[in-house]
Peer 1: 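Questions regarding the structure given below will be posed in turn.
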Amino acid sequence: PLKKGSVLPAFSEISWLTPHHPEDLDEVAVQALMAGRQPAGLREIERVAAVRRLAEHGWSDHSIGRQLGVCDRTVLRLRQTHQIRSGWSA
């Protein structure tokens, strides 16, 4: 419970604290992201799954960002936060 006068954390902060189970993942949303579409109701868990899969296939942060519609810095932040290794090599 929140104390009176306390400030609610931002949604993005809550999503990092909430454990996700694999069955929570919207596979259709992940596939849409990987195909370059932006599905409605996209959650962080789907974006992270798409980043993980594309990185595993050797995509650079820049390429992943272009595909997902975010900057490469966002991709780097997601990879670092979720301990996703870069699969890209020059």
Side-chain angles (χ1 to χ4, degrees):
L2 291 173
K3 294 181 180 179
K4 189 174 183 175
S6 64
V7 178
L8 286 173
F11 177 76
S12 61
E13 293 172 349
I14 293 172
S15 67
W16 298 118
L17 300 175
T18 305
H20 294 290
H21 300 286
E23 60 269 12
D24 292 339
L25 185 67
D26 182 346
E27 187 63 36
V28 173
V30 175
Q31 293 297 322
L33 269 174
M34 291 175 64
R37 296 187 303 274
Q38 295 293 317
L42 182 66
R43 298 174 302 163
E44 195 78 10
I45 186 174
E46 285 88 23
R47 183 169 290 159
V48 170
V51 167
R52 183 179 311 279
R53 292 177 192 179
L54 293 172
E56 287 172 354
H57 282 91
W59 287 44
S60 68
D61 289 354
H62 179 74
S63 296
I64 294 171
R66 287 181 58 128
Q67 190 73 6
L68 304 186
V70 297
C71 70
D72 53 350
R73 202 56 198 137
T74 298
V75 174
L76 176 62
R77 179 183 53 80
L78 288 172
R79 281 196 316 95
Q80 289 174 337
T81 300
H82 295 278
Q83 299 176 356
I84 301 169
R85 294 178 56 120
S86 174
W88 184 77
S89 60

Peer 1: Give the cluster check for L76 versus I64: same hydrophobic cluster or not, with ILVMFWY residues linked at side-chain heavy-atom distances below 4.5 Å.
Peer 2: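 In one cluster: no.
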Peer 1: Where do W59 and W88 come nearest, in terms of heavy atoms and distance?
Peer 2: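 Heavy atoms only, the tightest pair is O-CB, 3.7 Å.
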Peer 1: Sequence neighbours left out, what passes side-chain hydrogen bond (donor to acceptor under 3.5 Å, both in side chains) with S63? Give chain and number order.
Peer 2: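 S63 satisfies side-chain hydrogen bond (donor to acceptor under 3.5 Å, both in side chains) with S60 only.
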Peer 1: Provide the full list of salt bridge (charged side-chain N to carboxylate O under 4.0 Å, His left out) pairs with a residue in residues 64-73, sequence neighbours left out, each pair given once.
Peer 2: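 Qualifying pairs, neighbours excluded: none.
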Peer 1: For side-chain contact (heavy atoms from CB on, under 4.5 Å), just list the numbers for E44 and L78, CA-CA rounded to whole Å, side-chain angles, deciding distance to a tenth of an Å, and then say yes or no.
Peer 2: CA-CA 9 Å; E44 195 78 10; L78 288 172; 2.9 Å; yes
Peer 1: Using distance only, find each side-chain donor-acceptor pair of residues 29-42 under 3.5 Å and give its atom names and separation, not counting sequence neighbours.
Peer 2:
unit_1	atom_1	unit_2	atom_2	d
Q31	NE2	E27	OE2	3.0
Q38	NE2	L68	O	2.5

Peer 1: So do T81 and V48 actually touch side chain to side chain, heavy atoms under 4.5 Å?
Peer 2: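 Side chain of V48 against side chain of T81, heavy atoms only: no contact under 4.5 Å found.
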Peer 1: Hey, does V70 have a side-chain heavy atom less than 4.5 Å from the side chain of R47?
Peer 2: yes
Peer 1: Quick one: list whatever passes side-chain hydrogen bond (donor to acceptor under 3.5 Å, both in side chains) with R79, sequence neighbours left out.
Peer 2: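 If we apply the side-chain hydrogen bond (donor to acceptor under 3.5 Å, both in side chains) test to R79, skipping adjacent residues, the hits are D61.
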Peer 1: One thing to verify: whether R43 and E46 come together as a salt bridge, which I'm taking to mean a side-chain N less than 4.0 angstrom from a carboxylate O.
Peer 2: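 Looking at R43 together with E46, the answer is yes, because their closest N to O distance falls below 4.0 Å.
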